[in-house]
Each structure stands twice: as C-alpha cells, then as structure tokens.
Amino acid sequence: MKTLRFESIIHAPRAEVWEAMLGPETYRLWTAAFSEGSYYEGSWETGARIQFLGPDGNGMVSVIAQSRPGEFLSIQHLGMIKDGIEDTTSDQVKAWAGAFENYSFSDSGTSTRLEVTLDVTPDFEDYMNRTWPKALAVLKDLCETTSR
C-alpha cells in the first residue's frame with residue numbers, strides 16, 4: 001500500500017472545520033465528491049465502530065483508532081459491507097484491510113491547516129488523487145462560507 005497526503009488551509013477555526021467535516025449533514029456535502037449520497041452510521045469516538053455507506057447501503061466498516069476533537073482523527077478500515085453483510089475476511093478485503101485514514105488539524109495563523117493521509121492500494125491511487133482535492137475544496141468552501 002501507498003500513503004497519499006493532501007492538505008488544505010481553511011479560513012475557519014479548527015472546531016468549525018472538525019464539525020463541518022464530521023457533522024452528519026455537512027459530511028454528506030463534502031463526501032459527495034466520492035459518491036453522491038454518502039453518509040455514515042456510528043460514532044467518531046475512539047474505539048467506536050463506524051460504517052461509511054453509499055445510498056445503496058453498501059460501503060465500508062471501520063473503527064475509530066483515535067479521536068481528539070479539533071486535533072486528530074484516525075480511522076482504521078476493517079472491511080466492506082455488501083447487501084447488509086460485513087466482509088472482513090475475503091481475499092479482496094485482505095488486500096487493504098487495516099488501512100488507515102488520518103486527519104490532522106492545526107493552527108495556521110487564524111486559519112486551520114487540515115492534513116489528510118490515507119493508505120491506498122494501487123488500483124485506487126489515481127481515483128483518490130483526483131477526488132480528494134475536489135472533496136477538500138467543497139469542505140473549505142463550506143467552512144469558509146459558514147465561518148463568515
């Protein structure tokens with residue numbers, strides 16, 4: 001697996017960026033860049049299981065490895081969900097299970113520096129390199145519009 005890194009300077013306080021990124025309604029807005037109608041079920045607390053789902057109910061099952069609000073969030077992906085069934089053992093899932101997706105929030109003057117790192121397999125590298133900048137642009141616009 002390869003680790004990709006993306007960064008955005010958002011002209012809003014860290015607490016507002018955290019809330020916009022993870023709030024149920026605003027999460028749907030910026031993650032539409034990946035899949036229109038994306039949502040999650042679960043909690044952002046350390047140790048909690050969380051499901052990242054598309055409108056068809058299929059998606060990924062993960063665990064929150066670390067959660068320090070306004071500072072750091074680490075998600076460890078465990079497997080897939082298809083037709084309501086979790087798959088954490090197939091060869092397809094084993095190729096990437098255990099991958100991390102991390103969000104670091106820090107001050108940059110009066111703005112927030114958001115750094116995203118994620119582990120990807122080669123077949124998703126191009127997609128993530130194209131899609132993450134779009135998603136971060138939506139999040140940035142959402143935060144900066146709300147923060148004014």
Side-chain angles (χ1 to χ4, degrees), residues 1-12 14 16-108 111-144:
M1 268 192 277
K2 183 174 184 177
T3 301
L4 301 181
R5 181 183 167 282
F6 303 94
E7 182 178 311
S8 183
I9 301 296
I10 301 173
H11 303 291
R14 284 191 289 166
E16 289 181 20
V17 176
W18 176 274
E19 183 57 38
M21 184 169 230
L22 306 180
E25 295 307 314
T26 48
Y27 176 89
R28 289 175 181 264
L29 298 175
W30 71 269
T31 60
F34 298 99
S35 176
E36 190 74 37
S38 294
Y39 65 102
Y40 68 85
E41 291 182 353
S43 165
W44 297 105
E45 296 176 17
T46 300
R49 283 176 73 88
I50 190 166
Q51 296 179 340
F52 299 100
L53 304 164
D56 60 2
N58 294 331
M60 298 181 359
V61 60
S62 306
V63 66
I64 303 303
Q66 284 187 56
S67 179
R68 296 190 310 270
E71 293 178 20
F72 183 72
L73 179 70
S74 180
I75 304 164
Q76 185 177 26
H77 299 299
L78 305 175
M80 299 296 294
I81 301 166
K82 177 122 171 111
D83 299 324
I85 299 169
E86 287 187 14
D87 172 10
T88 58
T89 60
S90 70
D91 289 341
Q92 180 185 6
V93 166
K94 286 181 183 178
W96 59 266
F100 281 91
E101 187 172 323
N102 298 315
Y103 303 92
S104 298
F105 302 77
S106 60
D107 293 328
S108 178
S111 299
T112 298
R113 179 179 163 273
L114 173 61
E115 181 182 3
V116 179
T117 60
L118 61 142
D119 299 329
V120 296
T121 55
D123 50 326
F124 278 97
E125 184 176 351
D126 286 342
Y127 172 75
M128 292 300 181
N129 277 324
R130 284 190 320 271
T131 311
W132 263 105
K134 294 174 188 175
L136 287 175
V138 172
L139 179 64
K140 177 180 173 72
D141 185 57
L142 183 65
C143 292
E144 292 177 355

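As a basis for the values below, the full set of heavy atoms in this structure was taken, side chains included, without hydrogen atoms, waters or symmetry mates. All residue numbers in this chain count up from 1 along the given sequence.
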With a 4.5 Å heavy-atom cut-off, do [X] and [Y] have their side chains touching?
X      : Y      : answer
His11  : Ser111 : yes
Glu7   : Ile9   : yes
Thr31  : Val138 : no
Val116 : Leu136 : yes
Asn58  : Leu53  : no
Glu125 : Leu4   : yes
Gln92  : Met80  : no
Trp18  : Phe105 : yes

Passes side-chain contact (heavy atoms from CB on, under 4.5 Å), Arg113 versus Ser106? Steps please. CA-CA 5 Å; Arg113 179 179 163 273; Ser106 60; 3.5 Å; yes
Measuring from [X]:[atom1] to [Y]:[atom2], what's the distance to the nearest 0.5 Å?
X      : Y      : atom1 : atom2 : answer
Asp87  : Leu78  : CG    : CG    : 11.5 Å
Ile50  : Met60  : CD1   : CE    : 10.0 Å
Leu118 : Ile75  : CG    : CD1   : 10.0 Å
Tyr103 : Leu114 : OH    : CG    : 8.5 Å
Leu142 : Glu19  : CG    : CD    : 10.5 Å
Met128 : Asp123 : CE    : CG    : 10.0 Å

If we ignore angles and hydrogens, is there a donor and acceptor under 3.5 Å between the side chains of Gln51 and Arg49?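 Result is no, nothing qualifies.
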Between Arg14 and Asp107, is there a side-chain N and carboxylate O pair less than 4.0 Å apart?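 Counted as a salt bridge, because a side-chain N and a carboxylate O are separated by less than 4.0 Å.
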Does the gap between the ring centers of Phe124 and Trp96 come in under 6.0 Å?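 No; Trp96 has its ring centre 6.0 Å or more from that of Phe124.
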Does Tyr27 have its ring centroid less than 6.0 Å away from the ring centroid of Tyr40?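 Yes - the distance between ring centres of Tyr27 and Tyr40 falls below the 6.0 Å cut-off.
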Take Lys140 and Ser8, measure what side-chain contact (heavy atoms from CB on, under 4.5 Å) needs, and give me the verdict at the end. CA-CA 8 Å; Lys140 177 180 173 72; Ser8 183; 4.0 Å; yes
Give a yes or no on whether the backbone of [Y] and the side-chain of [X] come within a donor-acceptor separation of less than 3.5 Å.
X      : Y      : result
Asp119 : Phe100 : yes
Ser38  : Ser35  : yes
Thr26  : Met21  : no
Thr112 : Ala12  : yes
Gln76  : Val63  : no

If every non-hydrogen atom of [X] is compared with every non-hydrogen atom of [Y], which pair is closest and at what distance?
X      : Y      : answer
Cys143 : Glu16  : SG-O, 4.3 Å
Ala33  : Tyr127 : O-OH, 4.4 Å
Ser43  : Ala48  : O-CB, 3.6 Å
Phe34  : Ala135 : CE1-CB, 3.5 Å

Would you call the rings of Phe52 and His77 parallel, tilted or perpendicular, where under 30° means parallel and over 60° means perpendicular?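 Answer is perpendicular, since the angle exceeds 60°.
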What's the verdict on side-chain contact (heavy atoms from CB on, under 4.5 Å) for Leu73 and Gln66, showing C-alpha distance, side-chain angles and the deciding distance? CA-CA 6 Å; Leu73 179 70; Gln66 284 187 56; over 6 Å; no
